[in-house]
S.K.: 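I'd like to ask you about the structure that follows.
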Amino acid sequence: MSLAQVHYTSAAPGDEGAVGRFTAVGPGVSGALLAEIEPLLRYELPEGVADRPSDGELRSLPQAFTYAVLSDGSRLVSRSAPVRDTAGGVGPGVRFHAHAVHLPPGVPLPGDRLPVEAWRSPHWMAVTPGGAIPDPLTLPPGPTAVSEGLDDFAVSRGPWLAAVLADLRRASEPTESGGRPVVLVERQCADVARWLGLASVTLPRESTERLTFTTYTRRPGSSAARVVGVLPEDAEAARTAGLWVHVCAEQPPSDGGTDDTWAATAARVWRRRSPELFREARELPGEPFAAGPLAVTALCAGIALGPDERAAAAGWAADRPYALDAKRTSQLVEALTSPGIDDRTGPEFDAAGRLFGALEGRCPAAVTAPLAAMLVTEAVRGGNGSLELPRRDAFVGPEGAAVAERLAPEILTELSDTAGTRSVARTVQLLRVARLLGVDGADALPGIVDRLAPVLLTEAAAEGGTDTPDFAPALLELLDEQFEVRTALLGALDRIAPRDPGAVARFLERVTLPFTGTQALPHLRMCAEVPGAMATLGGDRAAVWHRVLRAAGLSPFAEPLVLRTAVGLVWEDRAPTVEEARLLLDAATSDAHRVAGTWARLVDAALGAPATEPPATGPSPASTDEAAALAHDLLRGFPGEIGGRERAGLLLLDLVRELRTGAPEPGWAETVRTLCAQAEPVEPALRERAHAALVERLLAPDRPGAELYDFVHGDDTELIAAYDRTARTETVRTRLRTQPAYAADCFTVWTAHPHAGRTWPPVAAALLDEVLRPAVRAMSAEDVAEVEATVGRTGSSGRADAFRTWNRSSTLGRLGRRIAGRVRRG
């Protein structure tokens, strides 16, 4: 069919305000379309054009070759070019002429060509014709001029190639770039057309047809095209407008790369002058701009690629192991495993590992053996712990023997190294590779697992949280593959557990180790049992301890270390209570606790026991202090182990027991002071307990006078303050009110030492006035008389007179207050 052609030229002299005018319009082009077409055809001369350019200068001026999609879905292909004008046009001696072809919606270019192929058509007109002219889009058969020399052009634009192709791909997407065209800065508009020619070969057909363009404009920011060309003097305006600008007319950029792997691969293909590979790649399955098919095609053609592109090729082939024939599969493996490559990355090795897994069993071993050798070499020398390793049968034959001979010494040397600390992933990988290659490391295995076991706990704790550690899948796979490693490692962890059972228990909560076989592993079984016991039995730690101990399957009499593990699991961060400590002490012999070291936990329980209230009356079975009793038993059971401040603290507790239940050695107050000094820093509750026991006994009626004398004259502020507090308790006040003999005894004591130091006299005076006097007031006359008689009988007549005087002053004071009250009422 004949396509409508349009001609547009510079405004005639005298057309004020007009840029140009239509001089010929073909049939079917409406006025509304002309209004939309006119801005696309306008032309603006570059800066600095000579008044009267020569023919050569005129030919060197840029031409605007444009491809646009109109609002009704039709398309326009046009060329706007400067021409000489002696009558005056857009500049001195120069005007422009635009020749355009209109394509209705759905109508392709003649010969199903692409718009850019019409760039060098000989049928573009520089004047308005007088009659019919050939359609400039009707091109002769074969490649057009724009396709010629694209290889040379691509090589010359190597530094910009990948970045420009990436932006051209992005500009060709169905949802275009939000009105931001790609700006190509070239000194010649023909080079912009060559960029578009590169795009037409590189991109899929549907993408190229969406790529609207103009090879020259002075105003890139207002252009509706997706790709525009500008001269270098207009580049800064494009940058200021925030457009994607590629200045290809200056020095090459220091970094012309891109993170678009497809574009980077396409650039390498162009630099190798192999554009036919784009068509081959499009025949492979995959998304239009997936890097994998193009990278595979390039590698099979012998083109060297970077690590990202090689990873894309390996990953694509791993996902589609049947997409390549045997020849291209062999070529791909050979390219990926080339010994000349020295920049492989972790993702590339991971993709190669997946490719090996996909090809293994589908291809001959001779094809996959280089991949297997590369993977295990990287696992040993590169330290890549995430690699998927091949199976053992991948190395049957001379290839496996060669790899094993090369790597075995390196593996054994590193595994036997005790100087540094290897990560779990590294050790696991080396052990797996050693088995894969048949390396004999049986002699070194005990030392290897002894070093591995504590690192397992350390790395798991360092990761924190409750999720499975990163190394766990590979570790469990290793234990499943190698029985001897599993046995040795579980034994090493079982030996560690008594030293740090809490860490082992937390590790087992996150990594389920396979220790359900015939190995005893009592400590590991206890560590695995404790979470369930805690959840089931809650705060009953004694019950949890019994259940955990049963899980060991061994008696603490036979294996004392199970005591240590059980205690560490249940009371990891705290001391047992006195009752729990008593349970532990009775559960095994002192020898067992001595071997297990758990006697120290029992000492902590005794010394850390809270203070108790003083008993209501004198020594009695009800006042027996369990902590003090525990201390007594610990001193007897572990005389050689307990020393220093702990021994002094336990002796202090034992003195408490004797003060409350027996007859301690003389010198009570001095003993308390001495033991407190030796037990520093003494626990506050222990100090309070000792002071309370001492003053309770000194407040008892049957206390030895010598002990009381030593106490009073010792002038110990803390002990006298404790005595004062205890004497003011309701227990003592009740005894004073109801027991005249006790009241008489306290009167004697509190008045007997008026000059005993500086602390005692004011305390005794205050007790007489504030504690004893209210008690005597509340007594009957008969009880008061009995108090007086007891004071005289146990002391002297002078002491009895002193009591009567003290009591009379109290009575007169009460009588005087009554009289004063009556006078006031009268």
Side-chain angles (χ1 to χ4, degrees), residues 376 379-380 383 385 387 389 391-392 404 407-462 468-529 551-554 558-559 561-562 564-565 568-569:
V376 296
V380 174
L387 284 178
L389 295 175
R391 296 197 302 267
R392 296 189 69 178
L407 297 179
E410 300 177 30
I411 295 172
L412 291 177
T413 299
E414 185 172 350
L415 284 175
S416 301
D417 181 20
T418 59
T421 301
R422 284 184 307 277
S423 68
V424 173
R426 178 62 175 164
T427 302
V428 168
Q429 190 76 309
L430 289 173
L431 287 171
R432 295 186 67 198
V433 174
R435 178 179 181 274
L436 181 67
L437 299 179
V439 177
D440 183 10
D443 294 339
L445 185 59
I448 294 169
V449 296
D450 282 345
R451 290 187 291 272
L452 173 61
V455 179
L456 286 174
L457 306 181
T458 302
E459 285 194 19
T468 301
D470 294 339
F471 60 75
L475 173 67
L476 294 176
E477 193 168 351
L478 169 71
L479 300 184
D480 184 59
E481 292 172 351
Q482 302 185 37
F483 173 79
E484 66 282 3
V485 174
R486 179 171 75 236
T487 302
L489 182 60
L490 293 178
L493 286 171
D494 194 65
R495 291 189 294 274
I496 288 176
R499 299 197 299 270
D500 194 355
V504 176
R506 287 187 291 273
F507 175 75
L508 293 180
E509 280 192 271
R510 298 168 61 189
V511 182
T512 306
L513 294 180
F515 56 86
T516 55
T518 58
Q519 279 181 279
L521 305 174
H523 304 284
L524 283 188
R525 297 182 191 279
M526 296 166 74
C527 292
E529 181 69 23
L554 291 175
E559 175 52 71
L561 283 183
V562 299
R564 179 193 298 179
T565 302
L569 289 171

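The shown structure was predicted, so the numbers you read here are calculated from the model rather than taken from an experiment.
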S.K.: I would like to know whether V433 and I411 meet side-chain contact (heavy atoms from CB on, under 4.5 Å); could you show each step before the answer?
M.R.: CA-CA 8 Å; V433 174; I411 295 172; 3.7 Å; yes

S.K.: Tell me, do L489 and L475 make a side-chain contact under 4.5 Å, heavy atoms counted?
M.R.: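 Contact flag for L489/L475 side chains = yes.
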
S.K.: Rounded to the nearest 0.5 Å, what's the gap from CG on D450 to CG on L445? Could you check?
M.R.: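 The CG atom of L445 is 9.0 Å from CG of D450, to the nearest 0.5 Å.
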
S.K.: So which heavy atom on H523 is nearest to which on T565, and how close?
M.R.: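 Distance-wise, the nearest heavy atoms are ND1-OG1, 2.7 Å.
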
S.K.: For T427 and V455, what are the C-alpha separation, side-chain angles and deciding distance, and is it a side-chain contact (heavy atoms from CB on, under 4.5 Å)?
M.R.: CA-CA 10 Å; T427 302; V455 179; over 6 Å; no

S.K.: Do V485 and L478 come close enough that some side-chain heavy atom pair is under 4.5 Å?
M.R.: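 Side chain of V485 against side chain of L478, heavy atoms only: contact under 4.5 Å found.
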
S.K.: What is the distance from atom CG of L521 to atom OG1 of T487, rounded to the nearest 0.5 Å?
M.R.: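 L521 CG to T487 OG1: 9.0 Å, rounded to 0.5 Å.
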
S.K.: What residues, two or more places apart in sequence or in another chain, satisfy side-chain contact (heavy atoms from CB on, under 4.5 Å) together with A460?
M.R.: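 In terms of side-chain contact (heavy atoms from CB on, under 4.5 Å), with neighbours along the sequence ignored, A460 is linked to P469, F471, F507, R510.
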
S.K.: Between atom CG of L436 and atom CG of L430, what is the distance when rounded to the nearest 0.5 Å?
M.R.: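 That separation rounds to 12.0 Å.
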
S.K.: Would you give the length of the straight line joining atom CZ of R495 to atom CG of L490, rounded to the nearest 0.5 angstrom?
M.R.: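 The CZ atom of R495 sits 10.5 Å away from the CG atom of L490.
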
S.K.: Output yes when a side-chain donor or acceptor of E414 lies under 3.5 Å from a complementary backbone atom of R426, and no otherwise.
M.R.: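 A pair under 3.5 Å: no.
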
S.K.: If you look at every heavy atom in L479 and P514, which pair is closest and at what distance?
M.R.: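 Taking every non-hydrogen atom into account, CD1-CD, 4.0 Å.
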
S.K.: Is there side-chain contact between D494 and P522, with heavy atoms separated by less than 4.5 Å?
M.R.: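 Result yes, sub-4.5 Å side-chain heavy-atom pair found.
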
S.K.: Between the main-chain N or O of F515 and the side-chain N or O of R525, is there a donor-acceptor pair closer than 3.5 Å?
M.R.: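 It does hold such a pair.
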
S.K.: Nearest heavy-atom pair of E410 and V380: which atoms, and what distance?
M.R.: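 Nearest pair, atom of E410 first, then V380: OE1-CG1, 4.0 Å.
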
S.K.: A408 and V439: which non-hydrogen atoms are nearest, and at how many Å?
M.R.: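 Scanning both residues completely, I find the closest heavy atoms to be CB-CG2, 3.7 Å.
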
S.K.: Backbone N or O of V424 within a donor-acceptor pair of the E459 side chain at under 3.5 Å?
M.R.: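 Answer holds: yes.
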
S.K.: If you round to the nearest 0.5 Å, how far is CG of D440 from CG of L412?
M.R.: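 If I round to the nearest 0.5 Å, the distance is 8.0 Å.
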
S.K.: Is there a side-chain contact between R451 and R422 (heavy atoms, below 4.5 Å)?
M.R.: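 R451 reaches R422 side chain to side chain.
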
S.K.: I need the minimum non-hydrogen distance between V504 and C527, along with the two atoms involved.
M.R.: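 Closest pair (atom of V504, atom of C527, distance): CG1-SG, 3.8 Å.
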
S.K.: Restricting to non-hydrogen atoms, name the atom on M526 and the atom on V562 that form the minimum distance, rounded to 0.1 Å.
M.R.: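 Where M526 meets V562 most closely, the heavy atoms are CE-O, 3.2 Å.
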
S.K.: Is there a donor-acceptor pair under 3.5 Å between the side chain of T512 and the backbone N or O of L508?
M.R.: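 Answer holds: no.
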
S.K.: According to salt bridge (charged side-chain N to carboxylate O under 4.0 Å, His left out), does anything in residues 476-486 pair up with another residue at least two apart or in another chain? List the pairs.
M.R.: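 Listed by first then second residue: R432-E477, R432-E481.
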
